[in-house]
Amino acid sequence: LEGLRHVIDIRQFKEPEDLEKLMRLSEEMESGFRSGALGQPMTGKVLAALFYEPSTRTKFSFESAMLRLGGRTIGTESAAQFSSAAKGESLPDTIRIIGRYADVIVIRHPEEGSAKLAAEYSPVPVINAGDGTGQHPTQTLLDAYTIRKELGRLDDFSIAMVGDLKNGRTVHSLACLLAHRKNVRMLFISPESLKMKEEIKEYLKGKGVAFSETSDLDGAIGGIDVLYVTRVQKERFASLEDYDKIRGCYIITNEIANRMKGTAIIMHPLPRVDEIAPDVDSNPRAAYFRQAENGLYVRMALLKTVLGGEA
Ligand code: CP
């Protein structure tokens with residue numbers, strides 16, 4: 001992790017030692033937060049939240065992480081609407097300018113590759129908070145933290161990713177990271193039209209990582225350790241009609257959840273629409289709210305890593 005500047009692609013964390021360092025720092029952040037001993041290592045630092053797409057968890061948790069570590073934040077409710085992008089300014093120019101006002105830029109943008117482009121022009125660290133249907137690396141880091149904490153390990157388990165595997169950037173990043181772990185058995189469950197993105201499957205094949213694909217959720221549910229549910233990504237569909245045809249393709253009910261192993265967990269990057277019935281929330285396997293909370297600790301650890309600062 002030494003020298004980590006931009007966080008753009010989850011494969012930057014493919015070395016198990018680097019990931020373990022970040023996981024341990026996240027644990028330190030969590031225990032410091034719980035005991036009130038975080039310190040103010042980000043005093044004098046400014047985070048710019050540059051979000052061209054909506055967000056609840058990623059934006060608020062990054063901002064909260066910075067504020068709780070003693071730093072400050074700047075941003076706008078919708079960069080697409082209220083930054084000078086609305087007047088035609090290019091992303092490189094926007095980044096050149098914001099990089100003169102802030103010490104770190106957290107960017108979410110509808111185009112794949114936008115965070116990488118931003119990093120090329122930025123005088124300060126850039127963190128990818130989701131680039132179109134590309135990646136969402138900080139989500140995957142908090143997912144890894146959650147699995148490690150809930151199962152007690154980040155190797156040797158089976159995971160089923162369910163839903164919109166074509167457009168969901170969280171599962172793209174997650175599959176790439178898990179390709180570098182030991183004995184993680186991946187099952188991709190989706191309708192035919194929302195199968196896992198080819199580029200990700202090619203990556204797994206190139207690494208010699210086996211995976212299975214099916215549309216049958218019922219047949220898989222009893223044997224897995226992690227059920228990773230995703231929303232059908234309405235915003236990536238060409239028409240509302242196409243979206244309506246496929247929405248609700250998988251709905252996890254409490255009856256389904258209770259057929260999972262007692263030690264299994266249900267994750268979801270959130271927001272959910274109708275993929276998980278509300279009565280699952282009280283099932284002990286439901287880990288998705290704990291997962292979202294973990295984002296705070298992991299993002300604190302990321303800010304400390306890219307900006308330095310003594311706790
Ligand atoms: N998981 C996630 O990225 O949530 P938000 O879109 O609310 O940030």
Side-chain angles (χ1 to χ4, degrees), residues 7-10 13 26 47-68 73 75-81 104-112 114-115 118 126-147 149-150 159 161-178 197 200 226-237 243 247 252 265-276 280-281 286-303:
V7 178
I8 305 299
D9 186 311
I10 194 61
F13 295 86
S26 304
L47 175 152
L50 188 60
F51 279 60
Y52 294 83
E53 286 189 330
S55 169
T56 297
R57 279 142 293 273
T58 314
K59 184 169 184 289
F60 282 87
S61 63
F62 261 118
E63 290 177 342
S64 177
M66 191 61 171
L67 293 168
R68 289 181 189 281
T73 69
T76 170
E77 283 313 304
S78 159
Q81 198 180 348
V104 58
I105 299 172
V106 180
I107 181 171
R108 170 170 290 185
H109 195 281
E111 281 169 36
E112 186 170 353
S114 51
V126 168
I127 299 179
N128 182 2
D131 61 328
T133 60
Q135 288 217 7
H136 195 346
T138 71
Q139 175 70 46
T140 295
L141 293 169
L142 77 89
D143 293 343
Y145 186 72
T146 302
I147 294 169
K149 195 164 145 187
E150 299 271 338
I159 180 167
M161 302 182 199
V162 185
D164 186 351
L165 308 185
K166 179 184 169 199
N167 299 304
R169 56 196 171 200
T170 59
V171 283
H172 300 162
S173 298
L174 185 57
C176 286
L177 184 73
L178 295 180
K197 200 177 187 182
I200 304 298
V226 178
L227 181 66
Y228 195 98
V229 187
T230 64
R231 175 178 65 90
V232 176
Q233 306 277 298
K234 182 180 181 182
E235 63 275 31
R236 312 287 177 216
F237 279 71
Y243 167 72
R247 62 174 299 188
I252 310 302
I265 56 169
I266 302 169
M267 298 175 69
H268 191 312
L270 305 178
R272 72 171 149 184
V273 182
D274 49 16
E275 319 76 58
I276 301 181
V280 180
D281 297 355
Y288 32 91
F289 296 127
R290 300 190 290 273
Q291 178 186 357
E293 179 184 327
N294 290 335
L296 179 66
Y297 314 128
V298 171
R299 287 172 175 136
M300 281 179 183
L302 280 168
L303 291 174

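Whatever order the structure lists ligands and atoms in, that order sets their numbers, starting from 1.
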**Message:** Can you confirm whether the side chains of Arg236 and Thr133 place a donor and an acceptor under 3.5 Å from each other?
**Reply:**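 No, no side-chain donor-acceptor pair sits under 3.5 Å.
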
**Request:** Check whether any side-chain N or O of Glu111 sits under 3.5 Å from a backbone N or O of His109 as a donor-acceptor pair, and report yes or no.
**Result:**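 Checking the backbone N and O of His109 against the side chain of Glu111, no donor-acceptor pair under 3.5 Å is found.
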
**Asked** Is Asp274 salt-bridged to Arg247, going by a charged N under 4.0 Å from an acidic O?
**Response**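 Arg247 and Asp274: salt-bridged.
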
**Prompt:** Is Glu53 salt-bridged to Arg169, cutoff N-O under 4.0 Å?
**Reply:**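 Result for this pair is yes, salt bridge flagged.
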
**Prompt:** Using a threshold of 4.0 angstrom between heavy atoms of the protein and any atom of ligand 1, which residues qualify?
**Reply:**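 Within the 4.0 Å shell of ligand 1, which is judged on heavy atoms, sit Ser55, Thr56, Arg57, Thr58, Arg108, His136, Gln139, Pro269, Leu270.
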
**Request:** Show the numbers, then the answer: is there a side-chain contact (heavy atoms from CB on, under 4.5 Å) between Arg108 and Lys59?
**Result:** CA-CA 9 Å; Arg108 170 170 290 185; Lys59 184 169 184 289; over 6 Å; no

**Request:** State, to 0.1 Å, how close Tyr52 and Ala80 come at their nearest heavy-atom pair, and which atoms those are.
**Result:**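 Shortest heavy-atom contact: CD2-N, 3.7 Å.
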
